[in-house]
Amino acid sequence: MEKVVLVNPQDEVLGQMEKMQAHENGLLHRAFSVFLFNEKGEMLLQKRSGQKYHSPNQWTNACCSHPRLEESYLDGAKRRTKEELGIDCELTEKFHFIYKADVGDGLWEHELDHVFTGNFEGEFDLNPEEVSEIRYISIADLQTEITENPDDFTEWFKIIWAEYRNQLN
């Protein structure tokens with residue numbers, strides 16, 4: 001049973017809770033988001049597996065998850081990128097912020113999210129329990145798709161992508 005690390009807004013640990021329970025109660029917990037780009041500057045998107053308990057079959061950024069209690073945000077991001085996409089790559093933290101998103105079915109993502117970026121060219125070894133497909137997309141095309149088909153994308157990705165553009169412009 002996977003647990004998340006509950007924190008206050010200053011990132012001080014309050015305890016741990018089973019992931020589903022934290023999402024049902026909308027409690028603030030640690031998370032990370034990974035944005036990967038290719039040499040052309042296109043962003044990697046993953047389509048969440050249809051087996052996921054929330055937001056199945058929606059497009060999102062390369063990897064999102066939660067660090068374990070004694071794990072750094074960076075180590076967690078590298079671990080999950082390997083587990084989901086089957087790759088290793090250098091990641092750089094860009095910023096962190098707090099958001100809360102209604103992901104449907106009475107579930108909430110309320111996260112202190114550390115956002116990392118990296119570059120990757122090469123082969124992927126996708127974990128089918130996590131990811132059904134991947135694709136690279138230009139930033140202009142991504143903006144158009146989010147505007148025209150917002151329901152195709154996870155709620156948190158739309159929030160994090162807006163914050164990413166805001167922070168880095």
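Just so it is clear, the values below take in all heavy atoms, side chains as well, and ignore hydrogens, waters and symmetry mates. Sequence positions, counted from 1, serve as the residue numbers for this chain. For clarity, every value in this text was computed on a predicted model and none was experimentally measured.
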K.L.:
Take atom CD in E93; do more than 12 heavy atoms of anything else shown fall under 6.0 Å from it?
P.N.:
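Correct, the count exceeds 12.
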K.L.:
Once rounded to the nearest 0.5 Å, what's the spacing between atom CD of E163 and atom CD1 of I160?
P.N.:
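If we round to the nearest 0.5 Å, E163:CD and I160:CD1 are 9.5 Å apart.
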K.L.:
Could you tell me if the side chain of S132 sits less than 4.5 Å from the side chain of K47, heavy atoms only?
P.N.:
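Side chain of K47 against side chain of S132, heavy atoms only: contact under 4.5 Å found.
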K.L.:
Linking Ile, Leu, Val, Met, Phe, Trp and Tyr through side-chain heavy atoms less than 4.5 Å apart, which residues share a cluster with V5?
P.N.:
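V7, V13, L28, F32, V34, L36, L44, L69, Y73, L74, L85, I87, L91, I98, L112, F116, F120, F124, L126, V131, I134, Y136, all in the cluster of V5.
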K.L.:
Using a 4.5 Å cut-off on heavy atoms from C-beta on, say whether the side chain of H23 contacts that of V103.
P.N.:
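No. Closest side-chain heavy atoms not under 4.5 Å.
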K.L.:
Within the 4.5 Å heavy-atom criterion, are D105 and Y53 side-chain neighbours or not?
P.N.:
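In short, these two side chains do not touch, never coming nearer than 4.5 Å.
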K.L.:
Counting N and O atoms only, with roles assigned by atom type, does the side chain of H110 sit under 3.5 Å from a partner on the main chain of H29, one being a donor and the other an acceptor?
P.N.:
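Answer holds: no.
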K.L.:
With distance as the sole test, does Q58 use its side chain to make a donor-acceptor pair with the main-chain N or O of D151 at under 3.5 Å?
P.N.:
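Yes, because the side chain of Q58 sits within donor-acceptor range (under 3.5 Å) of the backbone of D151.
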K.L.:
How about CD on E121, more than 12 heavy atoms from neighbouring residues, nucleotides or ligands closer than 6.0 Å, or not?
P.N.:
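Yes.
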K.L.:
Any donor and acceptor pair, going by atom type alone, linking the side chain of E42 with main-chain N or O of I137 inside 3.5 Å?
P.N.:
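Such a contact is absent between E42 side chain and I137 backbone.
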K.L.:
On a heavy-atom basis, which atom in A77 and which in T81 lie closest, and how many Å separate them?
P.N.:
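A77 and T81 have their closest heavy atoms at O-OG1, 2.7 Å.
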K.L.:
Does a side-chain heavy-atom distance below 4.5 Å link F95 with N166?
P.N.:
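No; the side chains remain at least 4.5 Å from each other.
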K.L.:
Atom OH in Y164, atom CG in N61: separation rounded to 0.5 Å?
P.N.:
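Y164 OH to N61 CG: 11.0 Å, rounded to 0.5 Å.
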K.L.:
Check for a donor-acceptor pair, side chain of Q46 on one end and backbone N or O of A62 on the other, with a separation under 3.5 Å.
P.N.:
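Looks like yes, one N/O pair under 3.5 Å.
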K.L.:
Between K52 and E84, is the closest basic N to carboxylate O distance under 4.0 Å?
P.N.:
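Salt bridge: no.
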K.L.:
Working to the nearest 0.5 angstrom, can you tell me the gap between F153 CZ and L45 CG?
P.N.:
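CG of L45 is found 6.0 Å from CZ of F153.
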K.L.:
Search all heavy atoms of G104 against all heavy atoms of D102 and return the closest pair with its distance.
P.N.:
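Distance-wise, the nearest heavy atoms are N-OD1, 2.8 Å.
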K.L.:
What heavy-atom pair brings P67 and S72 nearest, and what distance separates the two atoms?
P.N.:
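Of all heavy-atom pairs spanning P67 and S72, the closest is CB-O, 3.9 Å.
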K.L.:
Could you name each residue pair satisfying salt bridge (charged side-chain N to carboxylate O under 4.0 Å, His left out) that touches residues 10-22, not counting sequence neighbours?
P.N.:
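Sorted result for residues 10-22: E2-K19, D11-R30.
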K.L.:
Evaluate the side-chain proximity of I139 to F37: yes if any heavy-atom separation is below 4.5 Å, no if none is.
P.N.:
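Counting from C-beta outward, F37 and I139 do come under 4.5 Å.
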K.L.:
Could you tell me the separation between the CD atom of E109 and the CD1 atom of I159, rounded to the nearest 0.5 Å?
P.N.:
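It is 9.5 Å, given to the nearest 0.5 Å.
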K.L.:
Just jot down the ring pair (Phe, Tyr, Trp, His ring centres under 6.0 Å) partners of W108, sequence neighbours excluded, or say none.
P.N.:
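Per chain and number, W108 pairs via ring pair (Phe, Tyr, Trp, His ring centres under 6.0 Å) with no residue.
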K.L.:
Measuring from T154:OG1 to N57:CG, what's the distance to the nearest 0.5 Å?
P.N.:
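T154 atom OG1 to N57 atom CG measures 12.5 Å (nearest 0.5 Å).
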K.L.:
Any donor-acceptor pair under 3.5 Å linking the side chain of D113 with the backbone of S33?
P.N.:
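Yes: the side chain of D113 pairs with the backbone of S33.
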K.L.:
May I ask you to decide whether K78 forms a salt bridge with D88, counting only side-chain N to carboxylate O separations under 4.0 Å?
P.N.:
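Here K78 does not pair with D88 in a salt bridge, since their nearest N and O are not under 4.0 Å apart.
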K.L.:
Quick one: are F35 and K94 in side-chain contact, heavy atoms under 4.5 Å?
P.N.:
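With C-beta onward as the side chain, the pair stays apart.
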K.L.:
Side chains of W156 and S55: closer than 4.5 Å at any heavy-atom pair?
P.N.:
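Yes. Closest side-chain heavy atoms under 4.5 Å.
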K.L.:
By the definition side chain to side chain contact (heavy atoms under 4.5 Å, CB included), identify the one residue from R68, Q21, H66, E111 that meets it with V4.
P.N.:
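When side chain to side chain contact (heavy atoms under 4.5 Å, CB included) is applied between V4 and each of R68, Q21, H66, E111, only H66 qualifies.
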K.L.:
State, with a plain yes or no, whether a side-chain heavy atom of E24 is found less than 4.5 Å away from one of L107.
P.N.:
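They are in side-chain contact.
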K.L.:
At what distance, to the nearest 0.5 angstrom, does SG of C63 lie from CZ of R79?
P.N.:
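The CZ atom of R79 is 9.0 Å from SG of C63, to the nearest 0.5 Å.
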K.L.:
Return the minimal non-hydrogen interatomic distance between S49 and P128, and the atom names on each side.
P.N.:
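S49 and P128 have their closest heavy atoms at OG-O, 3.4 Å.
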